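Just below is one structure, and these are the notes that go with it.
Sequence lines set the chain letters: A, B, ... in the order given, protein chains first and strands last, and positions in each chain run from 1. Everything quoted here is computed from the prediction, not taken from an experiment.
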2 protein chains.
Amino acid sequence: MREFKRKSRVLLVDDNTDHLRGIKELVSLEGCYDVVGATTSANVAINLIKKYRPDIVLMDINMPEKDGLQAIQEIEKLGLDTRVIALSGYDDADLIFRAMKIGAKGYVLKTMASAQLIYAIDEVAAGKVYLPSALSSRFFEYFQRSFKGEAVVSDEENLLTYLTSREEEVLELLTQGNNYKGIAGKLFISETTVKTHVNNIFQKLQVNDRTQAVLYALNNGFGNRKRTKIAV
Amino acid sequence: MREFKRKSRVLLVDDNTDHLRGIKELVSLEGCYDVVGATTSANVAINLIKKYRPDIVLMDINMPEKDGLQAIQEIEKLGLDTRVIALSGYDDADLIFRAMKIGAKGYVLKTMASAQLIYAIDEVAAGKVYLPSALSSRFFEYFQRSFKGEAVVSDEENLLTYLTSREEEVLELLTQGNNYKGIAGKLFISETTVKTHVNNIFQKLQVNDRTQAVLYALNNGFGNRKRTKIAV
DNA sequence: TTCGTTCTAAATCATTAGATTGATAAAATA
DNA sequence: TATTTTATCAATCTAATGATTTAGAACGAA
């Protein structure tokens with residue numbers, strides 16, 4: 001597989017010079033990688049990334065100067081094809097979770113065997129997201145803990161299903177902070193009509209005012225492209 | 001490792017009788033598992049779990065009668081030590097995500113090699129959460145997509161930081177759908193005082209009404225113990 | 001002490017929100 | 001065809017909300 005692809009371009013970031021050199025040697029030894037840069041500064045790294053557009057960035061996230069996680073975020077914001085693998089000294093579940101959340105495509109411990117690092121690079125270079133199984137186990141524990149006790153949206157009890165499509169439109173605008181006038185203007189209907197719809201929404205959702213309606217909507221999977229609460 | 005432990009007690013649930021028999025044989029062949037039950041009904045399964053308290057449940061989640069995911073949820077709600085592995089015919093990212101979210105300790109495809117299933121059981125029985133790497137890759141893609149584009153709470157622009165602690169209390173109650181009277185009652189202050197606080201909140205958050213204030217709060221990491229938006 | 005901040009509170013006023021009732025017309029459905 | 005649902009709008013009325021101003025008490029910092 002790897003033989004058929006062009007060489008992946010890799011950038012290394014680690015504030016520890018010795019470690020940086022070590023990784024560089026390690027990665028360089030692999031025939032299929034070009035190390036296009038190696039720096040001890042996250043800020044420099046971001047500039048190098050803009051310039052050289054590497055395929056893979058190995059980013060130490062335990063750096064004093066600039067937080068590696070923050071650096072990853074900034075890289076992700078660039079919207080490039082660059083895929084970042086977090087390098088860390090700690091297998092802390094929270095760290096792993098945060099790294100993956102902000103878009104790291106992998107997370108490898110510095111203490112892991114070098115073969116493990118190379119494997120991770122291979123996987124990420126191949127377009128996958130890769131966590132060594134020991135770490136993914138930790139991740140999932142954290143993930144499940146963070147969801148535990150959260151109200152589960154069961155379809156049968158979801159009052160949102162009773163809304164007509166027009167009412168959904170109105171509710172959508174309510175969840176954007178519009179008042180009657182704003183909604184009326186946007187839907188090209190009269191304010192009184194909006195009031196009627198809103199009142200019907202209140203009845204169906206069994207709430208007393210718009211704030212409660214909005215909260216119900218957000219907590220029960222309404223237009224939750226942005227929210228993580230997902231109907232099961 | 002496995003030799004030192006007591007036998008893990010396993011319950012099998014699959015609406016397909018043939019498949020159920022197949023899994024049963026497969027698992028039984030492993031020396032270290034006791035199959036304490038095998039049923040085609042999720043409802044029966046739940047009763048069996050209450051009765052026999054198995055260590056592991058292999059749950060088919062593609063059943064017509066009762067949704068397997070729902071069954072997993074109910075099992076999790078029991079609060080036992082029973083760990084559930086989802087068995088599915090589909091490697092759909094959304095399905096995987098939902099299963100892991102509600103507490104499945106593993107997810108294995110029916111098409112996977114039987115060794116893979118046994119390995120998963122081993123890992124889960126050992127207390128880990130296990131996803132085959134092909135599926136965990138899918139999971140992570142979905143996971144990262146679901147977080148992508150989400151406003152990152154950057155402290156420097158977050159107007160919430162300007163609120164006093166009292167104002168935060170008031171806002172907290174606003175985000176719970178309380179009106180003036182409700183807030184006044186809960187904080188043991190007069191309604192007019194609440195109005196003052198609320199007005200100050202509006203000024204600081206640069207919004208016009210409570211709904212917008214609540215929306216701003218929710219979208220900017222306010223009191224997100226329940227939300228998944230996590231400051232990085 | 002003086003100053004600034006915060007929390008408290010009241011009074012007043014304008015605006016908005018929400019409840020209620022009633023009505024029309026189109027569209028879907030039985 | 002008869003009935004129900006949905007969407008539209010009006011009028012009226014009460015309650016709730018929000019803006020503004022003013023002000024006392026407590027506290028800590030300069």
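Looking at residues two or more places apart in sequence or on another chain, you find no salt bridge (charged side-chain N to carboxylate O under 4.0 Å, His left out) involving B:Lys50. In this view, B:Lys128 and B:Glu123 satisfy the salt bridge (charged side-chain N to carboxylate O under 4.0 Å, His left out) rule, not counting sequence neighbours. Not counting sequence neighbours, the partners of A:Asp18 by the salt bridge (charged side-chain N to carboxylate O under 4.0 Å, His left out) test are A:Arg21. In terms of the ring pair (Phe, Tyr, Trp, His ring centres under 6.0 Å) criterion, residue partners of A:Tyr130 (sequence neighbours excluded) are, by chain and number, A:Tyr119. For A:Arg138, the salt bridge (charged side-chain N to carboxylate O under 4.0 Å, His left out) partners at least two apart in sequence or on another chain are A:Asp91. The side-chain hydrogen bond (donor to acceptor under 3.5 Å, both in side chains) search around A:Ser88 returns A:Asn62, A:Tyr107, not counting sequence neighbours.
In terms of position on DNA chain C, the residue among B:Glu167 and B:Asp209 whose nearest nucleotide sits closer to the 5' end is B:Glu167. Where A:Val207 and B:Lys204 meet DNA chain C, the nucleotide closest to each residue was compared, and B:Lys204 sits on the side nearer the 5' end.
Mapping heavy-atom proximity under 4.0 Å, the span of DNA chain D touched by chain A runs 5' to 3' from D:dT6 to D:dA10. When DNA chain C is scanned in the 5' to 3' direction for atoms under 4.0 Å from non-hydrogen atoms of chain B, the outermost contacting nucleotides are C:dT6 to C:dA10.
The one candidate from A:Tyr142, A:Phe143, A:Phe139, A:Phe140 that meets the side-chain contact (heavy atoms from CB on, under 4.5 Å) condition with B:Val129 is A:Phe140.
End-to-end axis angle of the helix from C:dT1-D:dA30 to C:dA30-D:dT1, from C1' rotation axes over five pairs per end: 50° (rounded to 10 degrees).
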Which pairs of donor and acceptor atoms, one on a side chain in residues 179-188 of chain A, lie under 3.5 Å apart (sequence neighbours left out)?
residue	atom	partner	partner atom	Å
A:Asn179	OD1	A:Lys181	N	3.3
A:Asn179	OD1	A:Gly182	N	2.8
A:Lys186	NZ	A:Asn178	OD1	2.6

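Contact annotation for B:Phe202: backbone-only contact, meaning every heavy-atom pair under 4.0 Å involves sugar-phosphate atoms and none involves a base. Among the heavy atoms of the strands lying under 4.0 Å from B:Thr192 is at least one base atom, whether or not backbone atoms are also near. When heavy atoms are screened at a 4.0 angstrom cut-off, B:Thr193 is found touching base atoms of the nucleic acid. Using a 4.0 Å heavy-atom distance criterion, B:Ser165 is classed as a sugar-phosphate-only contact.
Residue pairs meeting the salt bridge (Lys or Arg N to Asp or Glu O under 4.0 Å) criterion with at least one partner in residues 158-171 of chain A, sequence neighbours excluded, are A:Arg166-A:Glu169, A:Glu167-A:Lys204.
Less than 4.0 Å separates DNA chain D from no heavy atom of any residue of residues 182-190 of chain B.
Remark: side-chain polar atoms of B:Ser137 are not paired, donor with acceptor, to backbone N or O of B:Ala134 under 3.5 angstrom.
Side-chain contact annotation: A:Ser190 with A:Thr192, donor-acceptor N/O pair under 3.5 Å present.
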